[in-house]
2 protein chains.
Amino acid sequence: MKKISQTEENYLKAIFSVSESKGKAASTNEISKEIQISAASVTDMFKRLSEKGLIDYKKHKGVKLTEKGNQHATKLVRKHRLWEVFLVEKLNFDWGEVHDIAEELEHINSDELINRLDKYLDYPKFDPHGDPIPDADGIFEIRSQILLSELDLEKTGIVVGVQEHAPAFLEYLDRMKLGLGSSITILEKFDFDQSLRVKIEKKELTLTAKVAQNLFIQTKEK
Amino acid sequence: MKKISQTEENYLKAIFSVSESKGKAASTNEISKEIQISAASVTDMFKRLSEKGLIDYKKHKGVKLTEKGNQHATKLVRKHRLWEVFLVEKLNFDWGEVHDIAEELEHINSDELINRLDKYLDYPKFDPHGDPIPDADGIFEIRSQILLSELDLEKTGIVVGVQEHAPAFLEYLDRMKLGLGSSITILEKFDFDQSLRVKIEKKELTLTAKVAQNLFIQTKEK
DNA sequence: ATTAATTTTTAGGTTAGTCTAAAAATAAAA
DNA sequence: TTTTATTTTTAGACTAACCTAAAAATTAAT
Ligand SMILES: [Mn+2]
Ligand SMILES: [Mn+2]
Ligand SMILES: [Mn+2]
Ligand SMILES: [Mn+2]
């Protein structure tokens with residue numbers, strides 16, 4: 001039961017995120033890109049995490065989280081997202097400012113702390129970016145959602161999340177008065193550049209393909 | 001303007017605490033004892049901190065914080081104590097449980113975060129143990145206080161702080177219904193073991209010298 | 001003023017986590 | 001099915017933080 005270092009935790013999260021909750025293996029290069037560290041160093045760390053029983057690693061085959069590794073990664077995601085809720089709901093941070101701070105806060109090591117925080121925030125199910133928050137047992141809802149770019153002409157949907165978390169993107173959405181809960185109707189689709197003419201609440205505006213590919217939408221017919 | 005690591009921060013705090021705010025130099029051995037690290041390692045770190053302009057170090061002469069080092073240490077104390085207030089006031093932790101968690105939280109690196117937290121907590125002046133909290137400019141009140149062991153016979157004082165922060169001591173105080181704000185009157189002093197017979201609110205009880213030497217008291221005549 | 005005790009520094013070593021360059025394995029193309 | 005390109009691993013090095021044991025400096029006692 002060795003301690004898991006902050007560095008190791010960041011790798012676990014990267015592996016979790018690259019292999020999307022579970023299932024497919026994460027490759028050396030994918031992790032290298034995700035956390036901006038050389039592939040050689042990633043191989044090194046794979047060996048160490050494997051040694052600790054947090055991942056299954058076979059040379060040239062990529063890695064998968066073990067049950068233990070998955071549990072730890074899930075707890076990190078829980079902590080990250082709960083802290084984001086705290087920062088936005090209680091300290092009035094903007095949703096674009098919280099990620100980097102949560103990236104540090106997620107490593108604070110206290111179950112008591114995180115469970116009390118959860119209670120204090122009234123057990124939120126989603127973070128400020130619409131991402132689901134695992135509960136104390138690691139269970140979280142997977143919401144049925146599609147990308148705005150996949151929404152059919154003349155249909156209406158509600159924004160429930162963002163794929164891209166970059167501050168620049170989130171600030172752009174703020175300026176467009178687009179946020180979680182916004183209602184969007186597709187008025188027209190332009191094939192030559194995949195841009196969209198949409199109606200948001202009362203206003204009409206044009207969204208680029210890039211924007212449409214980074215907004216998660218929920219439609220009425222679940 | 002190099003980054004200051006978590007480890008370096010812990011040394012800065014230790015130096016700050018050993019040299020009591022400012023003034024006298026902190027010796028290698030004192031720091032070694034304070035943070036439970038070998039004297040050889042402490043010497044190593046003194047060189048590095050000195051290199052970074054955070055302390056003045058001359059061989060065999062101990063160290064003193066520079067202005068820059070003092071500012072950084074003061075900010076750490078501010079963060080530590082504000083987080084402690086948060087944990088007790090908002091998350092309902094007991095005052096004996098918060099120190100270790102704050103020991104981690106104090107290293108989160110965001111001025112925006114700490115200043116918003118300060119506001120959220122309504123700019124508290126003292127932490128749950130009665131220790132003063134530096135403001136955003138590093139200024140903090142030094143309260144006039146004495147130890148309970150120094151209080152004269154038949155005098156009355158109010159508990160305003162604790163010297164010892166160990167959970168066992170704080171739990172003992174809880175069990176004795178003693179906390180910040182408690183009023184204590186000295187009824188009798190026993191010379192042979194320095195124990196005291198005191199009155200707290202309505203009840204009479206005996207306190208050992210050890211307890212009396214770890215409670216800070218404020219008397220009416222400031 | 002010597003000697004003895006204590007404190008501090010140096011020397012040499014270890015581990016975690018990183019890097020670059022080169023070698024080996026795998027996957028893609030011809 | 002060879003050849004070529006890409007991915008992954010290995011080899012060798014570095015830095016931050018630690019350690020123990022030994023040397024040097026300071027302080028305290030005789
Ligand atoms: Mn992180
Ligand atoms: Mn988020
Ligand atoms: Mn600390
Ligand atoms: Mn405190």
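Order of the sequence lines fixes the chain letters, A, B, ..., with proteins taken first and strands second; residue numbering starts at 1 for each chain. Every heavy atom of this structure was used, including side-chain atoms; hydrogens, water molecules and symmetry mates were not.
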Quiz prompt | d(CG, A:Asn29; P, C:dA27) in whole Å | solution = 13 Å
Practice problem: Give one of base, sugar-phosphate or nothing for B:Lys61, where a contact means two heavy atoms less than 4.0 Å apart. | Solution: nothing
Practice problem: Would you classify A:Ser38 as touching base, sugar-phosphate or nothing, given that sugar-phosphate means primed atoms plus P, OP1 and OP2, and contacts are heavy atoms under 4.0 Å? | Solution: base
Quiz item: Which value, rounded to the nearest 0.5 Å, describes the distance between B:Ile133 atom CD1 and B:Thr74 atom OG1?
Solution: 13.5 Å
Quiz item: Which class fits the ring pair B:Tyr120 and A:Tyr120: parallel under 30°, tilted 30 to 60°, perpendicular over 60°?
Solution: perpendicular
Self-check item: Gap between atoms CZ and P, on B:Phe46 and D:dC18 respectively (whole Å)
Solution: 13 Å
Quiz item: Rounded to the Å, how far apart are A:His60 NE2 and C:dA28 P?
Solution: 14 Å
Quiz item: NA contact type, A:Glu8, heavy-atom cut-off 4.0 Å: base, sugar-phosphate, or nothing?
Solution: sugar-phosphate
Quiz item: Hey, does A:Ser41 reach any base, or is it just sugar-phosphate, or nothing, if we go heavy atoms under 4.0 Å?
Solution: base
Practice problem: For B:Thr7, report the nucleic acid contact type (base, sugar-phosphate, nothing); a contact means any heavy atom under 4.0 Å. | Solution: sugar-phosphate
Self-check item: A:Gln36 CD - C:dG17 P separation (whole Å)
Solution: 19 Å
Practice problem: Could you state the atom-to-atom distance from CG of B:Asp44 to P of D:dC19 in whole Å? | Solution: 10 Å
Exercise. Hey, which sits more toward the 5' end of DNA chain C by its nearest nucleotide, A:Gln6 or A:Ala39?
Key: A:Gln6
Practice problem: Would you kindly compare B:Lys59 and A:Arg48 by the position of their nearest DNA chain C nucleotide and give the one closer to the 5′ end? | Solution: B:Lys59
Quiz item: Between B:His99 and B:His129, does the ring centroid distance fall short of 6.0 Å?
Solution: no
Quiz item: Whole Å only: how far is the NZ atom of B:Lys47 from the P atom of C:dT9?
Solution: 8 Å
Practice problem: Could you check how far CG of A:Asn10 sits from C1' of C:dT18, rounded to whole Å? | Solution: 14 Å
Quiz item: Does B:Arg78 come within less than 4.0 Å of B:Asp118, counting only side-chain N to carboxylate O?
Solution: yes
Quiz prompt | Spacing of A:Ile37 atom CD1 relative to C:dA16 atom P, expressed in whole Å | solution = 16 Å
